[in-house]
Number of protein chains: 2
Amino acid sequence: MTSMKAIRRFKVQQPKSLVTIVEERLRKAIIDAEMRFGEALSEDALSSALGVSRTPVREALARLQLQGLVTIVPKKGTFVFAPTAEDVAELCTFRFMLETNALRECLATAREATLDGMASAIAAMDAAQASGTRHDYARADTGFHEVFFLHCGNRYLGNAYRSVSGRVAALRTHLSVPLEGEQARSMSEHRLMVEAFASGRLADLDGLLRQHILRARDAYGDVLRRASAG
Amino acid sequence: MTSMKAIRRFKVQQPKSLVTIVEERLRKAIIDAEMRFGEALSEDALSSALGVSRTPVREALARLQLQGLVTIVPKKGTFVFAPTAEDVAELCTFRFMLETNALRECLATAREATLDGMASAIAAMDAAQASGTRHDYARADTGFHEVFFLHCGNRYLGNAYRSVSGRVAALRTHLSVPLEGEQARSMSEHRLMVEAFASGRLADLDGLLRQHILRARDAYGDVLRRASAG
DNA sequence: GTTCTGTATCTTGCATACAAGACGGAGATT
DNA sequence: AATCTCCGTCTTGTATGCAAGATACAGAAC
């Protein structure tokens with residue numbers, strides 16, 4: 001083994017567990033609207049569809065429940081989450097709180113890195129708007145907001161965001177996609193936020209973020225109310 | 001079944017699943033310092049000690065990992081979490097953010113209920129200080145802070161707190177217990193916070209909370225550094 | 001004495017079998 | 001016709017068995 005001392009970094013990524021694979025697959029399916037709100041998910045059906053046993057499926061579903069993406073009813077079944085208008089309102093309020101705090105930290109301790117991240121995210125959004133699908137745009141939008149938590153320097157803040165980001169992303173693809181004018185307005189709002197951040201105008205940034213998220217909240221609420229009514 | 005129509009609310013709580021029981025038992029064991037930071041937890045040993053099979057134990061451990069109370073290392077084992085000084089710092093910063101936001105909501109929308117809850121919590125702390133163990137006091141302290149999230153009207157905020165409250169509580173019992181003067185200072189700080197809340201002085205409240213939590217952060221950090229050094 | 005190597009024994013990961021609650025529909029009963 | 005009852009079939013909950021990676025230690029080779 002003496003010759004090994006010369007080798008510094010040679011790690012292999014160990015294979016993901018089946019649980020993780022199933023979790024990510026289902027997460028994607030829910031977020032990308034391959035399944036509808038409230039749809040039933042049978043452990044048995046999923047396990048045979050995915051070619052694994054029920055054990056990892058079950059564990060993955062348990063994790064997804066912790067992320068609020070599915071609801072497990074004892075002895076009855078597992079269902080894709082079905083948000084109510086109040087849910088969405090609380091979710092967006094919470095999201096605003098997290099993001100505004102993360103941005104404050106970013107501005108104080110990682111200004112340049114955050115600006116870079118925002119720039120690439122904006123570029124991705126541009127590309128998606130020009131030639132991608134609506135889901136591509138939604139994904140890029142999600143990426144923009146993740147930048148804050150990547151650079152905020154507080155893992156707990158990031159974890160908290162991750163625990164709701166699935167729902168937020170799902171709402172985006174499930175509900176926002178139909179609204180036509182949304183994309184353009186969203187783009188301009190994001191650009192304004194970058195400008196405010198770049199020039200360090202924290203109060204303006206806060207206002208923009210509040211407006212951005214709360215408007216989304218109202219839009220989602222409307223769609224949901226309309227859906228549950230008709 | 002016609003006579004049943006007269007009966008409105010008659011639900012029974014269905015028995016907790018083994019997973020839940022095991023989870024709560026282990027959570028208590030970790031929080032109450034029955035186990036040390038970093039201690040190894042074997043699924044096999046736990047299952048035979050608790051008289052259940054490995055399946056519910058395994059699922060409970062997965063949940064506890066999501067709460068940050070244990071760390072699961074693939075193919076190696078599960079261990080009680082072992083916080084570093086930086087961990088604690090980030091945790092406390094995050095906690096301050098959550099609590100200050102929750103308190104703002106409480107003051108705006110549920111002033112009376114929150115005051116009542118704080119009063120009972122203070123009473124419990126008094127009782128514990130007079131004639132209880134240190135763990136009793138730590139539990140009452142935990143209860144005081146939970147009041148905010150009970151009345152803040154945002155489930156996501158509450159969930160986020162719950163996802164770190166286990167660690168906070170564990171730190172309290174593991175680290176704060178040795179410090180003698182702590183309890184008295186803690187009591188007076190809590191009382192001041194209630195006063196500020198009652199008179200609606202939000203800025204003062206914020207300052208008190210910040211001081212309260214950040215001082216705890218530094219104290220925990222000191223203990224941890226001392227422990228890892230010696 | 002030092003270093004390598006095989007192996008015994010931990011650990012978790014996953015599959016499968018069985019138990020038991022929840023639900024819905026067919027048929028009996030009124 | 002309306003209602004009750006039973007039972008088949010869905011679901012999840014739990015136990016258990018086997019495979020395979022990780023680790024530590026004893027013993028061989030130098």
Side-chain angles (χ1 to χ4, degrees), chain A residues 1-7 10-26 35-36 38-66 69-82, chain B residues 1-7 10-26 30 35-36 38-67 69-82:
Chain A
M1 280 295 188
T2 51
S3 63
M4 285 300 265
K5 285 180 181 174
I7 300 177
F10 203 63
K11 278 193 286 197
V12 298
Q13 79 237 0
Q14 56 196 27
K16 292 179 185 175
S17 71
L18 285 187
V19 178
T20 306
I21 296 174
V22 172
E23 177 191 358
E24 289 176 355
R25 179 71 190 84
L26 290 180
M35 307 170 134
R36 280 201 293 262
E39 185 171 336
L41 300 174
S42 155
E43 292 178 4
D44 208 28
L46 286 176
S47 64
S48 49
L50 296 170
V52 300
S53 84
R54 266 183 58 213
T55 308
V57 170
R58 183 177 174 72
E59 215 162 309
L61 287 177
R63 289 192 195 175
L64 290 172
Q65 184 182 37
L66 269 284
L69 287 179
V70 306
T71 305
I72 299 178
V73 184
K75 306 279 186 179
K76 274 200 60 180
T78 302
F79 307 87
V80 178
F81 81 110
Chain B
M1 281 295 186
T2 50
S3 63
M4 285 302 264
K5 286 179 180 173
I7 300 177
F10 204 64
K11 279 194 285 199
V12 297
Q13 79 236 3
Q14 56 197 27
K16 292 177 185 175
S17 70
L18 285 186
V19 179
T20 307
I21 296 175
V22 172
E23 178 192 357
E24 290 177 353
R25 180 69 189 86
L26 290 180
I30 295 174
M35 307 171 132
R36 279 200 294 260
E39 185 171 336
L41 300 174
S42 156
E43 292 178 3
D44 209 28
L46 286 176
S47 65
S48 49
L50 295 170
V52 300
S53 83
R54 266 184 56 214
T55 308
V57 171
R58 183 177 174 71
E59 215 162 307
L61 287 176
R63 290 192 195 174
L64 291 172
Q65 183 182 37
L66 271 284
Q67 301 172 27
L69 288 179
V70 306
T71 306
I72 299 178
V73 184
K75 306 279 186 182
K76 273 201 60 182
T78 303
F79 306 87
V80 177
F81 81 109

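Per chain, numbering begins at 1; letters A, B, ... match sequence-line order. Note that the structure is predicted; figures quoted are calculated from it, not measured.
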- prompt: Of the nucleotides dA15(D), dT12(C), dC14(C), which has the atom closest to the Lys75(B) side chain?
  reply: dT12(C)
What is the distance from [atom1] of [X] to [atom2] of [N], rounded to the nearest Å?
| X | N | atom1 | atom2 | value |
| --- | --- | --- | --- | --- |
| Glu59(B) | dT12(C) | CD | C1' | 15 Å |
| Asp44(B) | dT9(C) | CG | P | 15 Å |
| Glu23(B) | dG13(D) | CD | C1' | 16 Å |
| Glu43(B) | dA20(D) | CD | P | 18 Å |
| Ile72(B) | dC14(C) | CD1 | P | 12 Å |
| Arg58(A) | dT11(D) | CZ | P | 14 Å |
| Leu18(A) | dA19(D) | CG | P | 17 Å |
| Leu50(B) | dA15(D) | CG | P | 11 Å |

Hey, what are the protein-to-nucleotides 16-18 of chain D N/O distances that come in under 3.5 Å?
{"residue": "dT16(D)", "atom": "O4", "partner": "Thr55(B)", "partner atom": "OG1", "Å": "3.3"}

- prompt: Are any of Lys76(A)'s side-chain N or O atoms less than 4.0 Å away from OP1 or OP2 of dC23(C)?
  reply: yes
- line: In short, the helix from dG1(C)-dC30(D) to dT30(C)-dA1(D) is bent end to end, axes from five pairs each side, to 10°, by 10°
Pairs involving residues 48-57 of chain B, ordered by first then second residue, that meet salt bridge (Lys or Arg N to Asp or Glu O under 4.0 Å) (sequence neighbours left out):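 Residue pairs passing salt bridge (Lys or Arg N to Asp or Glu O under 4.0 Å), neighbours aside: Glu43(B)-Arg54(B).
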message: Testing the basics here: between Gly38(B) and Ala82(B), what is the closest heavy-atom pair and its distance to 0.1 Å?
response: N-CB, 4.2 Å
field: Shortest non-hydrogen contact from Leu50(B) toward Val22(B)
entry: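 So the two residues come closest at CD1-CG1, 3.9 Å.
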Nearest 0.5 Å please: distance from the [atom1] atom of [X] over to the [atom2] atom of [Y].
| X | Y | atom1 | atom2 | result |
| --- | --- | --- | --- | --- |
| Leu69(B) | Thr78(B) | CG | OG1 | 12.5 Å |
| Leu26(B) | Met35(B) | CG | CE | 6.5 Å |
| Leu64(A) | Thr71(A) | CG | OG1 | 11.0 Å |
| Gln65(A) | Arg63(B) | CD | CZ | 7.0 Å |
| Arg58(A) | Arg58(B) | CZ | CZ | 12.5 Å |
| Ile30(B) | Arg25(B) | CD1 | CZ | 10.5 Å |

query: If you look at every strand shown and take non-hydrogen atoms under 4.0 Å, does Leu61(B) touch a base, only sugar-phosphate, or nothing?
result: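 Since no nucleic acid heavy atom lies under 4.0 Å of Leu61(B), the category is nothing.
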